[in-house]
There are 2 protein chains.
Amino acid sequence: MKSSVEKVFLDYMHDNGLSMTPQRKLIVETFLETEGHFSAETLWSIVRERVSDVGQATVYRTLKILVDSGLADCFDLGDGVSLYEHAYGHEHHDHLVCMQCGAKVEIFDQTIENRQEEVAGRFGFELTRHRMYLFGLCPKCQKEKA
Amino acid sequence: MKSSVEKVFLDYMHDNGLSMTPQRKLIVETFLETEGHFSAETLWSIVRERVSDVGQATVYRTLKILVDSGLADCFDLGDGVSLYEHAYGHEHHDHLVCMQCGAKVEIFDQTIENRQEEVAGRFGFELTRHRMYLFGLCPKCQKEKA
DNA sequence: CATTTAATTGCAATTGGTTTTCAGTATCGC
DNA sequence: GCGATACTGAAAACCAATTGCAATTAAATG
């Protein structure tokens, strides 16, 4: 039986007149098997461990499809590198990032979400989405520093 | 009497062995006279209206000094272009951005700030800074759409 | 105020992530 | 199968931002 994620992807492909190719299949599978937050470059290197002649551009192009189809979420921490993570079946969340080691924790706080709506409403804005990144030092790096 | 902002800048320059030059003076003055959120490119174009032969690199280099000295704040909305705004004498705030017209509203909510600390603390993180952007439609753009 | 040293400048070249172009190849609906 | 489209990898193009460089200028010192 086809997994629910694959169905969503194939439906998106079909609905938009896109074709399935061995490269895309490989990239999507690799994406789904890779946990955490990673760059296109990183995903490319993992893909190439399996099949050596997949082009970098194809990885970028496929990641765009993954984002558009709702399977991936793309964000960047302000350093010019886009990071990707699984979006299908994952609730919305923000990130807590260690500035020392780069560790990332997914966070969610309903109070913050509510206040965001409320603040936006105060200015008559209709809120669509938001991004929030908290930067600091993780427990481990605090110890190492002391 | 020298304004307080200028003093902070000159002190920073001196403390770091930096020299004052006509170009830097012009760029800093232009920066201080320009309100809102703007890119280095935009600042450069305003500067060149006054003196035509200021190099683009000098604007970037001076903006870096402004950020380091605490006079400017640099952030980006995720589209790869850094935006700058006045930081001296301005309290910390986040941004509410209209995705249609690009209008930006500066926002602040103490409840959100408190919860951020609290969420970070829950994971043992020591919070240093954060960025939060709320994206949506401003009142004007909502009307135009309807 | 001259001198010397270190900093600064504009320009052009470079970087680095990402996107696009292009000619050849593969996919999909019929 | 066949034809219209879509896809591919490689390389070139992009674009904001940075850097190397040789000439110029600021500024501390004597």
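The sequence lines fix the lettering, A, B, ..., with proteins before strands; numbering per chain opens at 1. Side-chain atoms are counted along with the backbone in the values below, which use heavy atoms only and exclude waters and symmetry mates.
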| Nearest-angstrom distance from the residue atom CG of B:Asp79 to C1' of C:dG17 | 14 Å
| A:Tyr84 and A:Thr42 side chains, donor-acceptor separation under 3.5 Å | no
| A:Trp44 has an atom CH2; how far is it from atom C1' of D:dA10, in whole Å? | 10 Å
| said: Please report the distance, rounded to the nearest Å, between CG in A:Leu10 and C1' in C:dC28. | reply: 14 Å
| message | Taking the minimum atom-to-atom distance to the side chain of A:Ala57, which one of D:dT18, C:dT18, C:dT20 wins? | response | C:dT20
| task | Pull out every residue in residues 31-42 of chain A that has a heavy atom closer than 4.0 Å to any atom of DNA chain D, ordered by number, or say none. | result | none
| task | Determine which pairs satisfy salt bridge (charged side-chain N to carboxylate O under 4.0 Å, His left out) with at least one residue from residues 117-132 of chain A, sequence neighbours left out, and list them in order. | result | A:Asp73-A:Arg131, A:Glu118-A:Arg122, A:Arg122-B:Asp109
| note | Here the distance between atom P of C:dA12 and atom CD of B:Gln56, to the nearest Å, is 12 Å
| task | For the residue pair A:Leu83 and A:Phe38, establish whether any side-chain heavy-atom pair is separated by less than 4.5 Å. | result | no
| Rounded to the Å, how far apart are B:Met13 CE and C:dA6 P? | 18 Å
| Given D:dT18, is OP1 or OP2 found less than 4.0 Å from the side-chain N or O atoms of B:Tyr60? | no
| Contacts of B:Asp11 that satisfy salt bridge (Lys or Arg N to Asp or Glu O under 4.0 Å) - sequence neighbours left out | B:Lys7
| Can we call the ring centroids of A:His95 and B:His130 under 6.0 Å apart? | no
| request: Answer yes if the side chains of A:His86 and A:His37 hold a donor-acceptor pair under 3.5 Å, and no otherwise. | output: no
| Rounded to the Å, how far apart are B:Leu26 CG and C:dT9 C1'? | 14 Å
| said: Quick check against the 3.5 Å criterion: does B:Trp44 have a side-chain atom that pairs as donor or acceptor with the backbone of B:Ser39? | reply: no
| query | For residues 14-24 of chain B, which residues have at least one heavy atom under 4.0 Å from DNA chain D? | reply | B:Ser19, B:Met20, B:Pro22
| query | Is it the case that more than 12 heavy atoms not belonging to A:Gln110 sit under 6.0 Å from its CD atom? | reply | yes
| query | When you check the gap from the basic side-chain N to the acidic O, do A:Arg50 and A:Glu33 get nearer than 4.0 Å? | reply | yes
| task | Heavy atoms only: give me the nearest B:Tyr133-B:Asp76 pair and the separation to one decimal. | result | OH-O, 3.4 Å
| query | To the nearest Å, how far apart are B:Tyr12 OH and C:dA7 C1'? | reply | 14 Å
| task | May I have the distance from B:Arg48 (atom CZ) to C:dC11 (atom C1'), rounded to whole angstrom? | result | 13 Å
| task | Would you mind listing the cluster partners of A:Met132? Hydrophobic ones only (ILVMFWY), side-chain contacts under 4.5 Å, chaining allowed. | result | A:Leu96, A:Val105, A:Ile107, A:Ile112, A:Val119, A:Phe123, A:Phe125, A:Leu127, A:Leu134, B:Leu96, B:Val105, B:Ile107, B:Ile112, B:Val119, B:Phe123, B:Phe125, B:Leu127, B:Met132, B:Leu134
| query | Got a sec? Which of residues 61-73 of chain B come in under 4.0 Å of DNA chain D, heavy atoms? | reply | B:Arg61, B:Lys64
